[in-house]
Amino acid sequence: GKGNHRHFMEKEIFEQPAVLGDTLRSFADPATHRITLPELPFDFQAVSRVAAVACGTASYACLVGKYWLESLAGLPVDWDIASEFRYRASPLVPGQVGLFVSQSGETADTLAAMRHLRGEGCPALAVVNVPESTLAREADATLRTLAGPEIGVASTKAFTTQLATLACLAVGAARARGRLDPEREAALTKALDELPARILQVLEKDQEIRAIAAELMAARDVLYVGRGTSYAIALEGALKLKEISYIHAEAYAAGELKHGPIALIDEHVPVIVVAPRDHLFEKTASNLQEVVARGGKVVLLSDAAGVAELGDYAWKTVTLPEVDPFVAPILYAVPVQLLAYHTAVLKGTDVDQPRNLAKSVTVE
Ligand code: F6R
């Protein structure tokens, strides 16, 4: 049941500290907390390229995974949408592996993409929440997300546990490829260990975020922007908002704004800026100022130092805990979920069962 919660989606958002802890612990050595991957059907040192393929929210987890595998493990990753990948003649290279991410493990396009790649002789690694699913059964190896059953149609805890699993995969791949010095490894391990507690702090902002949602619900269009892994969180935030509140929402890489989308900006279009203080913060900050200069209303998601620097430009701010930029996408997923959830509840839509959508898309 829903326990004390009004909707499954709310329950599942609030379960995230627990299920992230479970998922992360499943990869950690209990004594040393060192992240260890199970035996895989390929050697990361011999992998030349990864095709990361999924649909919807799971594809945004893959996009974060791409940034992590590239920066941490030095592995080239092609990010793809399953419905495009499966019909495209993408040449595969020796040493290529496939990475397929799915909550249900039954998504038709993701399954077909995996079958296509395996048919070409590439090993497939699946990140799946439902262990008895077709994807899990057919993959050469499976990493399980321990989100537990996800009932709400809008994916929340499945997404963040996918991210946690991909973070562990990136750490394991980086170590296998000799690219992880012990100091960096210790910092990443600590950041992951502390993540459930940090997410709990974000959940304490629930009513503050609800107050912003009360203003957002009047908007006809909302833009989400970010750079790096925050671009993927912007995409996820926009998908969450449109699918449950029916407000038109789009996400852009912040650097793309001036190539067209900035023409949309006026005082009626809120812009959600996902801006943890990482190496791209100053770049995002100047995009934020460009939006404000054109009358845009900015909702800034950042940490205390980021809000201190940019808060004066923003219409609304949410101050999030300071974390290692590596885990920031997992943390910043939560406020965009809450923003969408509260906006939809305030608008009175059917949050757990949005119109026209099914939990598992088993037809293409
Ligand atoms: C959005 C959402 C969908 C799914 C997508 C893939 O909230 O839930 O975009 O992420 O349909 O589903 P799975 O992960 O089951 O393959």
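Read the numbers this way: they start at 1 and go in the same order the structure lists the ligands and their atoms.
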Joint hydrophobic cluster, Val101 plus Leu37, side-chain heavy atoms closer than 4.5 Å
yes
Would you say the ring centers of Tyr341 and His7 fall short of 6.0 Å from each other?
yes
Please write down residue, atom name and distance for the protein heavy atom closest to atom 15 (O) of ligand 1.
Ser104 OG, 2.7 Å
The residue among Ile272, Ile247, Ile209 that forms side chain to side chain contact (heavy atoms under 4.5 Å, CB included) with Leu216 is Ile272
Atom indices of ligand 1, in the order listed, that fall short of 4.0 Å to a heavy atom of Gly56
9 (O)
Looking only at distance, does Glu243 have an N or O less than 3.5 Å from an N or O of ligand 1?
yes
shortest atom 6 (C) of ligand 1-to-protein heavy-atom contact is with Cys55 O, 3.4 Å
Among all protein heavy atoms, pick the one closest to atom 12 (O) of ligand 1 and tell me residue, atom and distance.
Thr107 OG1, 3.5 Å
Atom 11 (O) of ligand 1 - nearest protein heavy atom and its distance:
Val361 CG2, 4.2 Å
Contact summary for Phe281 and Ser302, nearest pair of heavy atoms:
CE1-OG, 3.7 Å
Please state whether Val153 comes within less than 4.0 angstrom of ligand 1, counting heavy atoms only.
yes
Check each atom of ligand 1 against the heavy atoms of Ala154 and keep those under 4.0 Å away; list them by number with element.
7 (O)
So is Lys240 touching ligand 1 or not, going by heavy atoms under 4.0 Å?
yes
Polar contacts were defined as any N/O atom of the residue lying under 3.5 Å from an N/O atom of the ligand; does this apply to Ser102 and ligand 1?
yes
Tell me whether the centres of the aromatic rings in His116 and Phe85 are closer together than 6.0 Å.
yes
Candidate pair Lys205 and Thr319, rule side chain to side chain donor-acceptor pair (under 3.5 Å), full reasoning:
CA-CA 9 Å; Lys205 303 257 162 188; Thr319 306; 5.1 Å; no
Among all the protein's non-hydrogen atoms, which is closest to atom 2 (C) of ligand 1, and how far away is it?
Thr57 OG1, 3.8 Å
Nearest non-hydrogen partners of Phe159 and Tyr60, listed with the distance:
CE1-C, 3.9 Å
Please give me the minimum heavy-atom distance between Ala305 and Arg277, naming the atom from each residue.
CB-CD, 3.4 Å
Under 4.0 Å to a heavy atom of Ala58 - the qualifying atoms of ligand 1, by number:
10 (O), 14 (O)
Could you verify whether a donor N or O on one side chain and an acceptor N or O on the other, from Thr145 and Asn129, lie under 3.5 Å apart?
yes
Looking only at distances, can you tell me whether any N or O atom of Gln103, backbone or side chain, sits closer than 3.5 Å to an N or O atom of ligand 1?
yes
